[in-house]
Amino acid sequence: TTSFCLLVHSLVQSKLYWPASSLLQTVLERGENPSSVFQNVFASYKRSVFNSTYGFDLLIQNYVQSRRVLDSVVVVKSMKECGLFPEVRTISAVLYGLIKIRRFEMVLGLFDEMFMSSKLVPDSYVYAAVIRSLCELNDYDRAKEMISWAEKNGGCKLNVVIYNVLIHGLCKSGRVWEAVDIKKMLGFRGLRADVVTYCTLVLGLCRVDEFGSALDLVDEMVEYGIVPSEEALSSVVDGMRRKGEVGKAYGLIDKVGKLGQMPNLYVCNAMLQSLCKDEGLEKAKTLFMQMEEKGLLINDISYNIIIDTFCKRGEVDEAIAVFGRMINAGIQPT
RNA sequence: AAGGAUAACCCGA
């Protein structure tokens with residue numbers, strides 16, 4: 001093992017990271033416990049003339065990638081005890097490993113240990129991990145405190161992702177209006193809501209049946225040229241439709257359609273149905289054309305709705321024409 | 001030089 005470790009350090013010195021990493025992998029597979037592996041790597045580090053500590057980072061990475069996150073934590077802590085520090089990026093990989101196994105308290109503990117009592121400066125990835133953990137622990141007060149603290153003396157410029165994490169957490173906990181407030185404050189921090197911010201809020205609002213506000217947000221994002229996801233758009237359109245606001249729902253499809261986005265087929269079919277019933281056939285036909293243009297995979301149900309409507313109006317010729325198009329499109333009549 | 005981050009999507013329980 002000692003020769004392995006010496007070799008690792010020298011490979012790292014020559015920037016041969018990939019071989020160094022696979023060498024470490026074989027060391028890990030020997031099943032030694034992480035502190036003794038660390039001792040070995042540390043002993044050969046001291047003996048060698050190389051001064052890059054990146055070999056330790058690779059060791060940590062290897063543990064994380066082998067889903068041995070807790071072992072990676074041992075190495076990080078051992079390094080600190082020996083006065084060595086991994087790169088911030090490496091620590092962040094460990095933090096996300098911990099999040100994946102839902103050890104949120106450990107994320108907070110490691111954050112304190114590594115960043116509160118050293119010269120290491122957390123970056124936005126690290127803050128995102130901490131905020132995420134606080135949200136998962138339902139401690140939104142502390143999450144907000146942490147953000148204000150980081151804004152003042154965090155040493156790095158917070159980006160929109162951090163706020164998106166908080167917004168998502170609040171929405172998931174049903175605190176949608178707080179989430180909306182956070183978004184409103186982004187401007188004062190020199191940030192702009194992005195597609196994730198908007199989609200998260202839109203879906204959060206839909207989940208608590210606030211379709212009107214969701215609609216306003218979609219309007220706003222479209223003004224900024226941000227295209228809502230199919231999922232977000234579908235939720236709002238279907239919500240408005242179920243509230244009986246079929247006209248508004250249709251207007252939204254029309255508007256967003258110009259940006260190339262359509263609701264999913266389910267929602268479109270429901271809209272066809274509602275338009276035929278409440279708004280007359282013209283709009284339904286227009287929607288149907290849009291669905292064809294946008295390449296939505298129209299199914300038998302979509303055709304049946306149109307055919308049925310023509311039949312009910314006694315326009316059998318039209319119905320047969322649509323039936324013909326259906327056959328041409330290769331769809332089995334049902 | 002590396003599989004370091006947030007919605008949705010997907011898959012499994």
Side-chain angles (χ1 to χ4, degrees), chain A residues 8 11-25 52-67 69 72-73 76 86-100 102 104 107 110-111 114-115 120 122-136 143 147 150 156-173 176 179-180 182-183 186 191-207 214 217-218 221 226-236 261-267:
Chain A
V8 166
L11 285 169
V12 165
Q13 206 65 31
S14 326
K15 306 200 180 217
L16 297 171
Y17 301 108
W18 199 84
S21 184
S22 55
L23 208 54
L24 279 167
Q25 190 58 39
S52 164
T53 60
Y54 199 72
F56 296 98
D57 288 74
L58 288 179
L59 177 63
I60 295 165
Q61 289 266 339
N62 268 287
Y63 272 124
V64 174
Q65 282 162 26
S66 318
R67 293 204 216 91
V69 187
S72 78
V73 174
V76 172
E87 290 186 3
V88 172
R89 198 176 154 155
T90 303
I91 300 175
S92 142
V94 173
L95 296 179
Y96 280 95
L98 287 171
I99 286 177
K100 220 177 273 171
R102 308 192 60 80
F104 306 114
V107 172
L110 193 60
F111 171 80
M114 299 309 291
F115 296 102
L120 278 189
D123 66 4
S124 53
Y125 288 74
V126 169
Y127 280 120
V130 172
I131 298 303
R132 165 84 189 273
S133 301
L134 287 168
C135 288
E136 295 278 357
I147 288 183
C156 91
K157 175 108 182 67
L158 300 190
N159 62 20
V160 72
V161 173
I162 318 265
Y163 297 92
N164 286 347
V165 171
L166 177 59
I167 286 171
H168 178 231
L170 287 167
C171 285
K172 242 182 26 185
S173 305
V176 190
V180 171
I182 305 274
K183 182 236 150 209
L186 284 179
L191 295 171
R192 284 269 277 258
D194 67 2
V195 62
V196 173
T197 321
Y198 279 111
C199 290
T200 307
L201 283 170
V202 166
L203 287 167
L205 286 164
C206 287
R207 219 167 287 145
L217 270 186
V218 176
M221 69 192 291
I226 303 174
V227 184
S229 67
E230 181 188 289
E231 190 58 32
L233 178 61
S234 304
S235 295
V236 184
Q261 184 65 276
M262 290 284 281
N264 63 39
L265 184 56
Y266 245 48
V267 171

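Per chain, numbering begins at 1; letters A, B, ... match sequence-line order. Below, each value reflects all heavy atoms present in this structure, side chains not excepted, and no hydrogens, waters or symmetry copies.
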Side-chain donor/acceptor of A:Glu87 to base of B:A2, under 3.5 Å: yes
A:Lys172: side chain to side chain contact (heavy atoms under 4.5 Å, CB included) partners, not counting sequence neighbours: A:Glu136, A:His168
Set of residues satisfying side chain to side chain contact (heavy atoms under 4.5 Å, CB included) with respect to A:Ser22, sequence neighbours excluded: A:Trp18
Separation of B:A2 P from A:Asp123 CG (nearest whole Å): 18 Å
Nearest heavy atoms of A:Ile91 and A:Met114, plus distance in Å: CD1-CE, 4.0 Å
Flag, side chain of A:Thr200 to backbone of A:Val196, donor-acceptor distance under 3.5 Å: yes
Donor-acceptor contact below 3.5 Å, side chain A:Ser72 vs main chain A:Val64: no
Value in whole Å for how far the P atom of B:G4 lies from CG of A:Leu120: 19 Å
Sugar-phosphate, base or nothing in reach of A:Tyr54, heavy atoms under 4.0 Å: base
Atom pair distance, as rounded to whole Å: OH in A:Tyr63 and P in B:G3: 19 Å
Sugar-phosphate or base contact per nucleotide [nucleotides 5-13 of chain B; S, B, -; heavy atom under 4.0 Å]: BBBSS----
Proximity of A:Tyr125 and A:Tyr96 rings by center, below 6.0 Å: no
Touch class at under 4.0 angstrom, heavy-atom based, for A:Asp57 against every strand present: nothing
Protein-nucleotide distance (A:Lys15, atom NZ; B:A1, atom P), rounded to Å: 8 Å
Integer-rounded Å distance: B:A1 P and A:Gln65 CD: 17 Å
